[in-house]
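Quick notes on the structure that follows.
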Amino acid sequence: MSQPTEHSPVAPSAAHHDGTAPAAPAPGSPAGGSTTKSTLEKARRDKLEKLRGLGLDPWGKRYDGATPIGQVREVGETLDKSPEFSGGPTVRVAGRIMLLRSAGSLVFIDLVDRTGRIQIMLGKKQVGPDAWKIIDCLDLGDLVGFDGRLGHSKTGEMTVFASGVEFLTKSLETPPDKFHGLVDADLRQRMRYLDLIHGEGVRDRFVARCRIVEAVRRVLTSRGYLEVEGPTLQESAGGAAARPFKTHHNALDMPLVLRIALELHLKRLLVGGMERVFELGRVYRNEGVSPRHNPEFTMMEAYEAYGDYFTMMDLTEAIFLEAAQAAGTPTRFEWMGHTVDLTPPFRRAKYDDLLAEVTGCNPADPASVAAAAAAQGIETAGRHADVIKSDLFEATVEKTLSGPVFVIDYPAAICPLTKRKADAPHVAERFELYVAGIELANAYTELNDPDLQEELFRTQLAGLAQEESMARMDTDFIRALRHGMPPAGGLGIGIDRLVMFLTAAPSIRDVILFPIHRPHAES
RNA sequence: GAGGCUGUAGCUCAGUCGGUAGAGCAUCGGACUUUUAAUCCGUUGGUCCUGGGUUCGAGUCCCAGCAGCCUCACCA
């Protein structure tokens with residue numbers, strides 16, 4: 001067979017000593033042909049100039065009439081499946097070149113758009129000499145449009161047999177490894193656009209996020225809730241226990257904080273007669289970063305006048321089921337090492353009962369709780385009994401909750417925004433929804449007694465620093481309550497965690513397109 | 001904030017006992033009108049994260065730093 005040495009500009013045959021030959025650069029490869037990052041780019045820029053030389057714009061233009069590849073595939077499924085059948089309808093597709101296989105004057109391309117992937121076949125004879133010059137300029141990652149008959153190749157692969165080519169956009173960067181894609185977690189998040197192109201299931205997960213958010217809105221609006229927008233810049237951050245981000249308004253010369261919750265402004269709207277309201281938006285907490293925490297995340301809070309926390313349990317189930325359906329989540333699956341089952345109704349278990357069950361202590365007896373807490377290494381001296389109980393619950397019970405399970409009836413002292421049970425004032429009408437040991441939702445029968453609310457804002461629990469408490473005085477909010485807030489149920493759902501759950505993602509960074517990152521020194 | 005692991009070519013990864021830096025993909029050149037991560041022949045490509053130290057000699061050992069991941073703490 002013909003040896004490459006026949007075509008080599010360097011001395012033919014010559015006993016093949018590797019060390020001697022490579023001194024002379026091949027005439028066909030300019031600049032001696034190194035393949036550092038910059039020369040990989042140069043190879044692409046050379047092709048870009050070649051396209052310009054053909055009178056084509058390497059950045060393309062409007063390209064009408066392309067059919068989504070997913071739809072093309074549906075048509076293809078109905079066609080004659082016999083090999084080399086190319087008699088299907090003429091279609092136009094546009095997308096990114098993911099794979100490029102050349103077999104001499106025959107080229108196969110895997111083209112991808114938002115709906116799918118399809119093979120394009122280009123024959124030198126079939127497309128003609130002018131179009132073939134464009135084929136010579138193609139690289140992995142370029143965006144191209146094709147016209148051609150739909151059919152099946154010799155091996156049965158659905159194929160567009162191209163007759164026309166429209167160059168749409170040059171890619172100047174080398175794409176990631178075509179088989180492994182982008183693996184490095186850091187690069188995947190910093191260059192999410194590449195992750196979306198090459199990552200297995202990445203785009204599907206973010207599409208699922210959109211569907212989930214749509215479903216949440218659908219359930220609420222269908223029940224007569226109005227979507228509103230509260231202020232993200234606030235004088236003081238209330239409604240949750242977290243440190244806020246601080247900023248400053250220049251013209252007003254006043255310090256401001258970014259909101260940490262949506263609660264207090266939505267309740268003002270209940271006072272204002274907006275009896276069913278919700279907000280779906282970003283909140284900011286200046287706390288640690290972890291697989292379950294990002295400094296900015298998306299919260300949905302909903303408030304319904306004349307409801308209570310049981311109303312909110314029903315609402316929560318409706319939202320979860322609709323969202324699961326929208327995301328295509330199976331009824332039963334594995335997440336974070338737990339087997340979860342979405343079949344309604346979700347289990348409901350009392351806080352104290354779970355505590356007794358898991359730790360064996362007597363939740364009604366502070367001494368018994370303190371002893372169990374001490375056994376877990378929890379500090380008890382000088383701390384409020386309910387704070388100790390809460391720490392014990394988190395240390396022991398939370399991780400056992402596969403769920404979904406509504407944990408109901410919380411110790412009142414750690415719930416300063418919640419109505420107390422009429423017949424048991426030490427118990428708050430609150431639930432948290434747990435799945436796989438992770439809190440996904442939190443709801444109250446809302447406290448609407450302005451005098452009690454003011455007292456709870458003033459009372460700092462022993463063992464809790466000011467900034468660790470959600471009891472933060474807000475006199476304007478108290479005044480609003482004094483005008484009369486209807487009895488109500490309120491619900492908060494962490495949307496990112498909901499998406500994690502319904503897509504079985506192990507990290508919150510998998511469901512946030514651009515999670516927080518330290519800057520890289522490079523670039 | 002503490003500990004563990006990791007950082008090598010554009011991407012994915014090897015690198016033994018401390019002795020001149022390796023592979024696949026990508027690039028470039030060549031063969032091929034039915035490929036499927038095409039294949040085959042050839043070619044090219046390195047701030048071994050950064051800075052010190054030990055050593056005749058460091059990708060490798062030591063120290064410090066930077067970044068990422070994980071666990072814990074924090075985030076009720």
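In what follows, chains carry the letters A, B, and so on, assigned in the order in which the sequence lines appear, proteins first and then strands, with residues in each chain numbered from 1.
With RNA chain B read from its 5' end, the first of the two nearest nucleotides for A:Leu182 and A:Gly288 is the one closest to A:Leu182.
Considering only side-chain atoms of A:Glu287, the nucleotide from B:C74, B:U33, B:U12 that sits closest is B:C74. Taking only side-chain atoms of A:Arg190, from C-beta outward, the nucleotide of B:G68, B:C25, B:U34 with the closest atom is B:G68. Which of B:U27, B:C11, B:A37 sits closest to the side chain of A:Asp139 comes down to B:U27. Of the candidate nucleotides B:C25, B:U34, B:C74, B:C74 has the atom nearest to the side chain of A:Arg243. Here the side chain of A:Ala43 is nearest to one of B:U27, B:G24, B:G68, namely B:U27. Checked against B:C11, B:G10, B:C74, the side chain of A:Thr174 finds its nearest nucleotide in B:G10. With distances taken from any side-chain atom of A:Val183 to the nucleotides B:U33, B:C13, B:C74, the minimum falls on B:C13.
Of all heavy-atom pairs between A:Gly88 and A:Arg149, the closest is O-NE, 2.7 Å. For the residue pair A:Arg205 and A:Val511, the shortest heavy atom distance occurs at CD-CG1, 4.0 Å. Smallest separation of non-hydrogen atoms from A:Lys170 and A:Arg44: CE-O, 3.6 Å.
Between the side chain of A:Glu157 and the base of B:U34, no donor-acceptor pair of N or O atoms lies under 3.5 Å.
Distances shown here put a side-chain N or O of A:Lys47 below 4.0 Å from the OP1 or OP2 atom of B:C28. Residue A:Ser153 has no polar side-chain atom (N or O) positioned under 4.0 Å from OP1 or OP2 of B:U35.
Taking the ring centre of A:Tyr444 as origin, the terminal cationic atom of A:Arg430 falls outside the region bounded by 6.0 Å and 45° from the ring axis.
Base pairing of B:U20 is not made with any nucleotide, judged by Watson-Crick or G-U wobble geometry with both donor-acceptor distances under 3.5 Å.
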Do any N or O atoms of the protein come closer than 3.5 Å to N or O atoms of nucleotides 69-71 of chain B, and which pairs are they?
{"unit_1": "B:C69", "atom_1": "OP1", "unit_2": "A:Arg509", "atom_2": "NH1", "d": "3.0"}
{"unit_1": "B:C70", "atom_1": "OP2", "unit_2": "A:Arg509", "atom_2": "NH1", "d": "3.2"}

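Ring geometry, A:Phe245 versus A:Tyr284: the interplanar angle exceeds 60°, so the pair is classed perpendicular (tilted spans 30 to 60°).
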